[in-house]
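The sequence lines fix the lettering, A, B, ..., with proteins before strands; numbering per chain opens at 1.
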Protein chains: 2
Amino acid sequence: MSEDNYSLSGRVFHKIREDILAGKYKTDETLKEKTIGDELGVSRTPVREALRQLELEGLVTIIPNKGASVVGISKQDIKDIYEIRARLEGLCAKWSADHITAEQITELEENIFLVDFHAEKKNYTQVLELDNKFHEILYEACNSKMLKHELSAFHHYVERVRKITLSMPDRVEKSNEEHRLIVDALKKHDALEAERLATSHMLNTISNMDKFGWDNLLEN
Amino acid sequence: MSEDNYSLSGRVFHKIREDILAGKYKTDETLKEKTIGDELGVSRTPVREALRQLELEGLVTIIPNKGASVVGISKQDIKDIYEIRARLEGLCAKWSADHITAEQITELEENIFLVDFHAEKKNYTQVLELDNKFHEILYEACNSKMLKHELSAFHHYVERVRKITLSMPDRVEKSNEEHRLIVDALKKHDALEAERLATSHMLNTISNMDKFGWDNLLEN
DNA sequence: TTTTGGATAATTGTATACAATAATGCAAGT
DNA sequence: ACTTGCATTATTGTATACAATTATCCAAAA
């Protein structure tokens, strides 16, 4: 499912996922097909399809003949995801160093410039979007369909976490500085350095969360 | 979707995935809902659900109003997957070193013993099943829902590759020896050594494929 | 021969009907 | 008051109907 898929069933899928990640449904809350369908003005069919896709993403558990319920995401789960991403973003940067094009480097540099611009204005919605874009350029640059697929999924999964971290004191500036160092390494095609920096970039996000608190994110 | 989910829609999902991975459908071949449904003796509904799940797994592409087609897996894709797995299996072994229970270690040791037994008899079906089991015990032992989820998905994805590598000359024996070393490290709770060994275990699989040829696996 | 238009068929998208299963509530018995 | 059993309701599972979209084919024109 590409992100710019605006079919009805695609919209339902994204909407329910968004609602889950936004905390609209509590952990273990059952998701009734008819209820959600009525809410979104569609029949059960697209809702069912969406719920089954969400199960595959791990956001929902389905027990046959009983229905779907929301899988909770704990603080430990998020830490684990960032540890996983640390390794995979590292791999991505390593491969990107060998495959990145001049155009992509230009895009990354423009991205860094724009983040500076919007961070100053505390326009965090824009910053989040640019952060998305930065990483997606890298996912493309690594030249691996499989790695891109995995990282994109994770990236989406933790969007809510990223929204919060990026609004924490100084984090946008630090993050953008880390981005700049990664791009410098990529320009020099220094694969190992790029990998090291990208890995740190992820681990720093967790350090930042540890420092400034998880309180506004989770109940558990 | 747990593996022991025997609901009809679950069965359809697993069946289509199996057929794709077994090469029943060629790359870019379109998968028609009605055709598959008739073949499996079900209506389009469960087939549609399955196809949408398979899209999320990356095995299928769906273009709205046009339908689903099989995504090809190239040699490079497989190499990439093993590079990704190398890092994640390494992480898994690292975490397992701290969390593994005595029972799990016993299970792993029994597994190694049984692989020796069945390898001698060239009973490769059994060996593949035991290899599945070995890794799944580790996925459980690492104590991370997220990592387990990811690794299980990949593991399934390359089942066909593993089936082939395990039937190559001496590979079962070498693989089992690598398993033994990993378990030894886990028994000593030596996280770094376990990580190093698990990573190598994956990379060795690729070396093995490079040495003995990809010819009987792929067309591209 | 090649191309184009449009009718026809095939296929997907969604809603709904019905069947199977699970949850709920309530009355009867202890 | 507290179970237990059964009828009722709610919910999911699957099939089917119909609408919307796309693919195919063939005749007519260039």
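Residue A/Lys66 has its side chain nearest to C/dA23 when only D/dT12, C/dA23, C/dA15 are considered. Side-chain atoms of A/Asn65 lie closest to C/dA22 of the nucleotides D/dT16, C/dA15, C/dA22. In the set D/dT11, D/dA15, C/dT14, D/dT11 carries the atom at the smallest distance from any side-chain atom of A/Lys32. Checking D/dG13, C/dT12, C/dA15 against the side-chain heavy atoms of A/Pro46 singles out C/dA15 as nearest.
Rounded to whole Å, the distance from CD on B/Glu49 to C1' on D/dT12 is 11 Å. Residue B/Ile63 contributes atom CD1, which lies 14 Å from atom C1' of D/dT21 at whole-angstrom precision. In this entry the distance linking CD1 of A/Ile62 with C1' of D/dT12 reads 11 Å, nearest Å. At whole-Å resolution of the value, CZ in B/Arg48 and C1' in D/dG13 are 16 Å apart. If you take CG of A/Asp38 and P of C/dT14, they are 16 Å apart, rounded to a whole angstrom. Between A/Lys34 atom NZ and D/dA10 atom C1' there is a gap of 11 Å when expressed in whole angstrom units.
Exactly one of B/Leu203, B/Asn204, B/Asp210 qualifies for a side chain to side chain contact (heavy atoms under 4.5 Å, CB included) with B/Ile206. That residue is B/Asp210. Checked against B/Asp131 for a side chain to side chain donor-acceptor pair (under 3.5 Å), the options B/Lys163, B/Arg162, B/Gln126 give a single hit: B/Arg162.
Between A/Arg171 and A/Glu178 there is a salt bridge, since at least one side-chain N of the basic residue sits less than 4.0 Å from a carboxylate O of the acidic one. We find that B/Arg52 and B/Glu57 are not joined by a salt bridge, their nearest charged nitrogen and carboxylate oxygen being 4.0 Å or further apart.
Remark: B/Arg52 is in phosphate contact with C/dG13, judged by side-chain N or O atoms under 4.0 Å from OP1 or OP2. Side-chain nitrogen and oxygen atoms of B/Ser43 include at least one within less than 4.0 Å of the OP1 or OP2 phosphate oxygen of D/dA15.
Counting non-hydrogen atoms of other residues, nucleotides and ligands closer than 6.0 Å to NZ of A/Lys145 gives a total above 12.
In this structure, A/Leu51 reaches neither bases nor backbone, as no heavy-atom distance under 4.0 Å exists between it and the strands shown.
Along DNA chain C, the nucleotide nearest A/Arg44 and the nucleotide nearest B/Glu33 are compared for position; the residue whose nucleotide lies closer to the 5' end is B/Glu33.
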